[in-house]
Participant: 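One structure, as structure tokens, below. Some questions next.
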Protein chains: 2
Amino acid sequence: MNTEDPLKLSRCASCLIRHRGICNALSDEELQQFKQIAYHRTYRPGEIILSSEENTDFFAAVHSGVVKLSKILMDGRQQVVGLLLPPDFLGRAFSKSNPYFAEAASEVELCCFPHAKFERMLEDFSSLKQRLLEQTLNELDSARDWMVWLGRKTAEERVASLFLMLAERWTEAERGQETGAQNRVIELHLKRDEMADFLGLTYETVCRQISSLKRKGVIQLSGTRRFSVPNVSALTKIAG
Amino acid sequence: MNTEDPLKLSRCASCLIRHRGICNALSDEELQQFKQIAYHRTYRPGEIILSSEENTDFFAAVHSGVVKLSKILMDGRQQVVGLLLPPDFLGRAFSKSNPYFAEAASEVELCCFPHAKFERMLEDFSSLKQRLLEQTLNELDSARDWMVWLGRKTAEERVASLFLMLAERWTEAERGQETGAQNRVIELHLKRDEMADFLGLTYETVCRQISSLKRKGVIQLSGTRRFSVPNVSALTKIAG
DNA sequence: CGATCTGTTGACGGCAGTCAAGTCAAGTGG
DNA sequence: CCACTTGACTTGACTGCCGTCAACAGATCG
């Protein structure tokens, strides 16, 4: 185990999320240690990553794709409580049990770390803990924004808010490109019923609201899971 | 400033939340340093502690009372996104601006720390940062539970969930007492319209659901802001 | 006592949920 | 190649929960 695997070493160095995720908090030296324990896993769309019953044995950074965090009531009602995009972090530190149900919403690649080893590194590298804290604070902020959607917004406002959020995340991720935000085609990743579980609605209502926004010329669909926003300001206004 | 204030020293030592709040993470020596910068503030019910526009110059631990965190849409719709009870922590670390509106829901006493000094102590005392991280993770968990309420539960279930949560927090805080949970009288702290903003409902709907639960014999009111739960299992069942 | 704030209850209407039918695209197998 | 199936999506008709509007009851206070 002391022989260095050149593939493993180069993988971190060329990692797409290297400069955005938690790894960014580490020095080169610390990173060396990090990659010794990291391993990758991939999931197909719809595949279950964690179920809330079983104990988790790993933490992970989302390397590519979208992970859906949800909670399910006994009668089957479901609420999505988080969407993880690269370079978000998956797993509940300092607790073996994970209260959520995690599912791959698209093709997903995770960079995983064994539970115990990762917690030890948290102790050793304070900048890593700092990074995790900041990420958790940001997740808390967006969870609370989301609560406003769920508690106080109408169906139309919620659907508009979702489209707006996806559009913003997209331009954020790809800023510096030449084409304007108007014509950019954005990937939805979610099915209608997943959007509904996200927004606290039924999928029929989501459908109707999307059709209505389309009729108003605020959004434009290409196929069923791609869209663009010809009128950003109108969308913003409707989103509230 | 080098003379020690005996009052200040004893205040931390006898502090009610000393062994539950973030201070618990500190050694006696570190606590010495801590109390040098801490000061208390009190607020009357309804008083505004932080408005989301202005920059925050302090962090604080809730020493007594209940603090309401909320967000407000431009048209006046409001959603409560957090309830802070002792020994919860108030303030957004690593960001000068605070995206929430904080209001005293009852008589409130805060133990405050200047912004810059507290962040410095976070750097120096890793156990403090650890404590803050754990608290943030717990807040994230409960925010997400709350999202399930808002997105997927009916009015009756939400009201029942709120009563259940308050009952559970109460027994948690006062465990070891002799009287059974059945007859314990629990303080609501919130007005009907505050409960409504909390639950994503109107205050009339909250009223109706409370009356209905009362008629069913699941809860019992003494006056308008105190209640007890004669039938805990029925309440749990209704809450979902 | 009147004024004001908080809470309760009723009548009514609308937004979103439920139930149901139907379209469209992709896949399967003869 | 075509009949059939399946899953995702769309749209319509109807229902019901909860929001809106309104009247009223209690409590508190000057």
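Just so it is clear: chains get the letters A, B, ... in the order the sequence lines come, proteins before strands, and each one is counted from 1. Computed from heavy atoms alone, side chains included, the values below leave out hydrogens, waters and symmetry copies.
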Participant: Given atom CD1 of B:I210 and atom P of C:dT6, what is their separation to the nearest angstrom?
Facilitator: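 My rounded result for the distance is 15 Å.
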Participant: Rounded to whole Å, please give me the gap between NZ in B:K191 and C1' in D:dA27.
Facilitator: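 Spelled out: NZ on B:K191 to C1' on D:dA27 is 14 Å.
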Participant: Is any side-chain N or O of B:R192 closer than 4.0 Å to OP1 or OP2 of C:dC5?
Facilitator: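 No.
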Participant: Rounded to whole Å, how long is the line connecting atom CG of A:D197 with atom P of D:dA8?
Facilitator: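 Result: 13 Å.
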Participant: How about A:F163 and A:F227: are their ring centres within less than 6.0 Å of each other?
Facilitator: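 A:F163 vs A:F227: aromatic centres under 6.0 Å.
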Participant: Using a cut-off of 4.0 Å between protein heavy atoms and nucleotide atoms, how would you tag nucleotides 13-22 of chain C 5' to 3' with B, S and -?
Facilitator: ---SSBB---
Participant: By the 4.0 Å heavy-atom rule, please label B:R225 as base, sugar-phosphate, or nothing.
Facilitator: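 Sugar-phosphate contact only - B:R225 comes under 4.0 Å of backbone atoms but never of a base.
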Participant: Taking atom CZ of A:R41 as the centre, does the number of heavy atoms from other residues, nucleotides or ligands within less than 6.0 Å exceed 12?
Facilitator: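 More than 12 heavy atoms, drawn from other residues, nucleotides or ligands, come within 6.0 Å of this atom.
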Participant: Once you round it to whole Å, what is the distance between C1' of D:dC17 and CZ of A:R77?
Facilitator: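 After rounding, the reported distance stands at 13 Å.
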Participant: Do A:L83 and A:D88 have side chains that get closer than 4.5 Å, going by heavy atoms?
Facilitator: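 In short, these two side chains do not touch, never coming nearer than 4.5 Å.
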Participant: Without decimals, in angstroms, what is the distance between B:L221 CG and D:dG26 C1'?
Facilitator: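 Distance, rounded to whole Å: 15 Å.
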Participant: Do A:N138 and A:T136 have side-chain N/O donor and acceptor atoms under 3.5 Å apart?
Facilitator: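 Their side chains do not contain a donor-acceptor pair, so the 3.5 Å distance test is not met.
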Participant: Report yes or no: do B:T154 and B:E157 form a side-chain donor-acceptor pair below 3.5 Å?
Facilitator: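 Judged by distance alone, the side chains do pair up.
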Participant: In whole angstroms, how far is the P atom of D:dG19 from the CG atom of B:D193?
Facilitator: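 Whole-Å distance recorded here is 14 Å.
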Participant: Aromatic contact between B:F59 and B:F118, with the criterion being ring centroids under 6.0 Å apart: yes or no?
Facilitator: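 That pair passes the under 6.0 Å test.
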